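Quick one: structure below, then a few questions.
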Amino acid sequence: MRAHIERLVLLGVLGVMAGLGIWMQVNLLEPAETKTAAPLSNEPDYYIQNFTATGRDEAGIVYVLKAQRLTHYPSDNHNLLDKPHLVQYQEGKPARQATSESGWMAGDGSEVLLTGNVEVTQFRNDEDPGSVTRTQRLTVRLDRGS
């Protein structure tokens, strides 16, 4: 009788081990379903009304970029600007202002492309009488110290 009980216990342990092995293979060892990210669309994901960005360096403010509206596109991380207004500051020089009807800004904020009736005003100081330049397209790098 004792041999019979030992065989039953041994078969029970083997059965539990087999069941545990199958459970582990199905639930733990199989790769999890990979979720694919939603494809990026050409649709904007957000808008900012009355947008303002301020660039700074060690000396202080380098530029202030404002726009009536910024539209962000996640597909390539760029921004469209409505009525952008850019003022750049450089130590020892008068401020420079640029305005246009529209603009494009790189996702990393490193450059702005101004388009449509671009007007650049170099303000005057004691050494510089100032100037106004008009064009249809202007690229401005927003690097520090520019």
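What you see is a predicted model, and the numbers here were worked out from it, not measured in a lab. In this chain, residues are counted from 1 in sequence order.
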### Query
Taking all atoms of both residues into account, what is the closest heavy-atom pair of Phe123 and Arg96, and its distance?
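Heavy atoms only, the tightest pair is CD1-N, 4.3 Å.
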
### Task
May I have the step-by-step check of side chain to side chain contact (heavy atoms under 4.5 Å, CB included) for Val112 and Leu142, ending in yes or no?
CA-CA 7 Å; Val112 175; Leu142 296 177; 3.4 Å; yes

#### Entry: Lys83/Leu81 under side chain to side chain contact (heavy atoms under 4.5 Å, CB included): CA gap, chis, key distance, verdict
CA-CA 6 Å; Lys83 301 286 185 188; Leu81 304 168; over 6 Å; no

### Query
Are the side chains of Gln122 and Pro94 in touch, meaning some heavy atoms are under 4.5 Å apart?
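The answer is yes; the side chains approach within 4.5 Å.
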
### Query
For Ser102, what residues pass the side chain to side chain donor-acceptor pair (under 3.5 Å) criterion, not counting sequence neighbours?
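For Ser102 the side chain to side chain donor-acceptor pair (under 3.5 Å) partners, ignoring immediate neighbours, are Thr115.
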
### Task
Specify the closest pair of heavy atoms between Ala95 and Val87, including all atoms of both residues, with the distance to one decimal.
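Smallest heavy-atom distance, with atoms named: CB-CG1, 4.2 Å.
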
### Task
Output the distance between atom CD (Glu119) and atom OG (Ser100), rounded to the nearest 0.5 Å.
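Answer rounded to 0.5 Å: 11.0 Å.
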
### Query
If we only count heavy atoms from C-beta on, is the Tyr73 to Asn79 side-chain gap below 4.5 Å?
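They are not in contact (no side-chain heavy atoms under 4.5 Å apart), so the answer is no.
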
### Query
Sub-3.5 Å donor-acceptor pair from the side chain of Glu101 to the main-chain atoms of Val118, do we have one?
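Checking the backbone N and O of Val118 against the side chain of Glu101, no donor-acceptor pair under 3.5 Å is found.
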
### Query
With sequence neighbours excluded, what pairs up with Thr121 under the side chain to side chain donor-acceptor pair (under 3.5 Å) test?
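Scan of Thr121 (side chain to side chain donor-acceptor pair (under 3.5 Å), adjacent residues dropped) gives none.
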
### Query
Any side-chain heavy atom of Leu138 sitting closer than 4.5 Å to one from Val120?
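Counting from C-beta outward, Leu138 and Val120 do come under 4.5 Å.
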
### Task
Please lay out, stage by stage, how Arg137 and Leu113 fare under the test side chain to side chain contact (heavy atoms under 4.5 Å, CB included).
CA-CA 7 Å; Arg137 184 178 173 104; Leu113 171 64; 3.7 Å; yes

#### Entry: Cluster check Met105, Tyr46: I/L/V/M/F/W/Y, side chain < 4.5 angstrom
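Hydrophobic grouping puts Met105 with Tyr46.
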
### Query
Minimum heavy-atom separation for Leu114 to Pro84, with atom names?
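Result for this residue pair: CD2-CG, 3.6 Å.
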
### Query
For Glu91, does the CD atom have more than 12 heavy-atom neighbours from other residues, nucleotides or ligands under 6.0 Å away?
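No, because the 6.0 Å sphere around CD of Glu91 holds 12 heavy atoms or fewer from other groups.
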
### Message
If I compare all heavy atoms of Glu111 with all of Trp104, which pair ends up nearest, and what's the gap?
### Response
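Closest pair (atom of Glu111, atom of Trp104, distance): OE2-CZ3, 3.9 Å.
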
N/O donor to acceptor pairs below 3.5 angstrom from side-chain atoms of residues 61-72, sequence neighbours left out:
{"residue": "His72", "atom": "ND1", "partner": "Asp45", "partner atom": "OD1", "Å": "2.7"}
{"residue": "His72", "atom": "NE2", "partner": "Asn77", "partner atom": "OD1", "Å": "2.7"}

### Message
Please report the interatomic distance CD(Glu43) to OG(Ser75), rounded to the nearest 0.5 Å.
### Response
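Answer rounded to 0.5 Å: 9.5 Å.
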
